[in-house]
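Remarks on the structure that follows.
Since the structure is predicted, the reported quantities are computational estimates derived from the model, not experimental observations. Here is the naming used below: chain letters follow the sequence lines, and residue numbers restart at 1 for every chain. Heavy-atom basis, side chains included; hydrogens, waters and symmetry copies ignored.
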Amino acid sequence: MGTERKRKVSLFDVVDETSLSAKIVKSNGAMGNNNNGGSSLINRWNGKPYSQRYYDILEKRKNLPVWHQKEDFLQVLKKNQAIILVGETGSGKTTQIPQFVLEAVDLESPDKRRKMMIACTQPRRVAAMSVSRRVAEEMDVTIGEEVGYSIRFEDCSSARTVLKYLTDGMLLREAMTDPLLERYKVIILDEAHERTLSTDVLFGLLKEVLKNRPDLKLVVMSATLEAEKFQGYFGEAPLMKVPGRLHPVEIFYTQDPERDYLEAAIRTVVQIHLCEPLGDILVFLTGEEEIEDACRKITKEIGNLGDQVGPVKVVPLYSTLPPAMQQKIFEPAPPPLQEGGPSGRKIVVSTNIAETSLTIDGIVYVIDPGFSKQKVYNPRVRVESLLVSPISKASAHQRSGRAGRTQPGKCFRLYTEKSFNQDLQPQTYPEILRSNLANTVLTLKKLGIDDLVHFDFMDPPAPETLMRALEVLNYLGALDDEGNLTKLGEIMSEFPLDPQLSKMLVVSPEFNCSNEILSISAMLSVCMYAVKEFMCPIRSSSATVLYGSHAPGWHVPSDSKEAQKAADEAKARFGHIDGDHLTLLNVYHAYKQNNEDPSWCYENFVNHRALKAADNVRQQLVRIMARFNLKLCSTDFNSRDYYINIRKSILAGYFMQVAHLEQSGHYLTVKDNQVVHLHPSNCLDHKPEWVIYNEYVLTSRNYIRTVLDIRGEWLVDIAPHYYDLQNFPQCEAKRVLEKLYRKRERRKEENRNRK
DNA sequence: GAGCACTGC
């Protein structure tokens with residue numbers, strides 16, 4: 001996909017060997033250094049002679065750590081259904097283990113036409129893609145043939161594929177149509193320590209599947225300490241450890257707790273630059289604003305030191321940074337200002353992205369203030385939010401490891417050793433304990449898991465979170481009162497969207513506006529930050545402008561008056577006074593009408609990448625609609641009902657996210673009665689009595705973001721089961737709704753009398 | 001008139 005960020009995947013620099021070939025080489029004696037190609041052996045997988053390149057790679061692979069444990073591994077695999085394999089960074093497990101397995105397992109299936117496969121899951125798309133490419137190269141086969149990958153929007157595999165790398169979410173999707181995962185002989189869950197939502201669901205699912213499929217084998221691969229926990233969970237599965245390959249990293253703690261970690265981090269950077277030998281610095285901070293602020297301050301402070309010190313290149317790094325800017329982290333440190341002068345240094349200031357997703361070579365010093373932003377979920381108010389929280393010991397360990405990739409390094413932890421030992425939890429809470437589980441529960445139901453309370457989660461979510469999820473799905477009509485999946489729920493579960501979004505999409509043909517709802521769903525689901533940016537072209541900061549100018553959504557103009565004016569005009573062109581959802585629709589329509597032209601996007605402060613991604617999602621959604629014979633339709637644009645139908649359709653999914661304007665001038669969320677404020681990025685020109693909100697953000701105040709004006713009458717018409725006044729807290733909204741219900745009754749009465 | 005850890009289908 002074109003919107004993919006280019007990333008250097010850490011696994012990529014680990015190269016191992018193919019055991020099969022190693023064996024052949026051994027048994028053929030002279031083959032090890034037979035490089036003339038003419039009498040090469042035949043590749044078992046594609047029947048072609050091995051290339052020279054194959055042998056070249058093979059030589060390098062022979063030296064890697066995991067290679068020495070191959071026979072042990074295969075022995076254990078033969079005797080057990082499940083294995084836990086622990087390998088630190090650099091062990092080569094991701095590229096190698098699947099090849100070991102491939103060699104040892106019989107892939108013949110009862111259906112002779114097609115072989116069974118080995119699956120290896122990854123939490124991230126880029127990893128699935130790049131690792132599979134690497135392995136195809138090692139095996140001397142064409143990517144997409146014998147070795148392939150499968151990620152959202154791209155299935156690069158064929159009937160010949162025997163080894164497939166895929167995202168964990170993708171394997172979960174496959175399980176929805178193939179509950180026993182019958183096309184796989186062995187499933188390898190890689191990076192299991194990351195405990196993504198999908199990996200955790202797969203844990204529980206596979207535990208069940210293993211009971212029903214004695215021929216299936218499972219390998220759980222993980223990087224850290226939690227191996228014993230995995231072992232216990234999978235019925236005392238045997239544990240294997242593979243050493244990693246890291247240089248030693250010296251850890252330093254502060255004597256006393258730091259009051260201001262940002263200030264302390266900057267001070268530490270300056271000290272390293274003044275006192276420590278050559279080597280680049282990586283600083284972990286929590287978010288974009290903090291990072292840009294730190295970059296400015298570091299540049300300024302080191303600038304103040306004059307030319308007694310070497311020059312520095314300070315580079316920010318976070319996920320919403322455009323790819324071109326992210327590439328800067330791979331540029332070398334600046335050369336000395338004059339020949340023989342003090343050397344330069346690169347200083348990368350990054351979010352957690354540098355902890356797992358991205359590897360920067362040449363880092364010798366890591367500064368770890370001990371915080372990161374983490375998602376937390378409060379089921380009581382059904383709100384997911386981001387909070388700056390202390391990291392875990394495992395996270396601290398991972399961060400310090402970033403200093404030792406190319407040579408021995410140093411890690412400066414900006415907290416005390418006592419605090420490390422006593423205050424930090426061993427592991428970050430798995431995502432499943434920090435999320436709204438409505439979507440997960442829908443997936444589990446579709447997978448045939450009826451009894452969620454007794455489902456064997458490795459870490460069971462709070463009962464309240466599960467109850468909340470069941471309740472939401474019941475209100476949406478995806479589950480009946482007994483908690484069974486309805487026909488509607490079946491269809492909803494097929495969409496890669498949140499339940500509210502899939503509900504509004506599935507019912508949109510009834511409101512005669514599925515074309516428009518498709519576009520809005522795609523825009524909303526691309527990413528939340530894009531939504532915000534779409535709505536909000538102006539940013540006041542100065543030094544960040546450069547970086548933000550290609551951020552999703554609008555381009556951010558420089559501080560000049562003209563640029564701000566131009567951006568304002570662009571916003572006015574697309575803005576819809578009835579709400580942000582409709583503004584999104586306008587932007588999407590304008591984008592299509594202008595033939596998806598990147599320069600049109602640029603001129604109109606619209607982000608091309610984000611829109612291209614939305615378009616891609618939309619196409620996928622259209623295919624799913626077709627599968628269920630959901631018709632694509634629109635109300636006549638000139639009809640008064642055009643926007644009304646769209647708004648009603650959105651309400652059909654989002655009736656649980658409504659706020660009411662009180663006499664006092666404040667908004668209260670319906671039923672929860674939380675005081676909220678319209679996010680200033682909204683495009684409304686008035687304060688509607690009732691609004692739908694897409695997102696609840698807790699920052700300086702309680703904001704509702706991406707809002708839409710709706711009518712109270714629609715609430716009682718479209719969602720009477722939710723606006724059932726019997727179960728309603730006393731409040732202004734209730735009194736208004738009571739009036740609306742009475743009005744509705746009167747209307748009915750009049751109609752009856754007329755007849 | 002505010003300020004977005006990171007993924008994924």
State which of B:dA5, B:dA2, B:dG8 makes the closest approach to the side chain of A:Leu386. B:dA5

Among B:dG1, B:dC6, B:dA5, which nucleotide has an atom closest to any side-chain atom of A:Ser319? B:dC6

Selected nucleotide, minimal atom distance to A:His679 side chain, candidates B:dA2, B:dC4, B:dG8: B:dA2

Identify, with sequence neighbours excluded, every residue that meets salt bridge (charged side-chain N to carboxylate O under 4.0 Å, His left out) alongside A:Lys297. A:Asp293

Within 45° of the six-membered ring axis of A:Phe284 and under 6.0 Å from that ring's centre, is NZ or CZ of A:Arg399 located there? yes

Which nucleotide, B:dC4, B:dG8, B:dC9, lies nearest any side-chain atom of A:Arg124? B:dG8

Given the side-chain rings of A:Tyr261 and A:Phe371, with only the six-membered ring counted for Trp, is the space between their centroids under 6.0 Å? yes

Of the listed nucleotides (B:dC6, B:dC4, B:dC9), which one gets closest to any side-chain atom of A:Ile151? B:dC9

The side chain of A:Arg152 is closest to which nucleotide in this list: B:dG8, B:dC9, B:dG1? B:dC9

Looking at the side chain of A:Arg173, which of B:dC9, B:dG1, B:dA5 is the nearest nucleotide? B:dC9

Fit a plane to each ring of A:Phe628 and A:Phe495, take the angle between them on a 0 to 90° scale, and name the class: parallel (under 30°), tilted (30 to 60°) or perpendicular (over 60°). tilted

First of A:Gln620 and A:Asn352 reached from the 5' end of DNA chain B, by closest nucleotide: A:Asn352

Counting only side-chain heavy atoms from C-beta out, which of B:dC9, B:dA2, B:dC6 sits nearest to A:Met170? B:dC9

Looking only at the side chain of A:Thr351 (C-beta and beyond, no hydrogens), which of the listed nucleotides B:dC6, B:dC4, B:dA2 gets closest? B:dC6

From the candidates B:dC4, B:dC9, B:dG1, the one with an atom nearest any side-chain atom of A:Lys373 is B:dC4

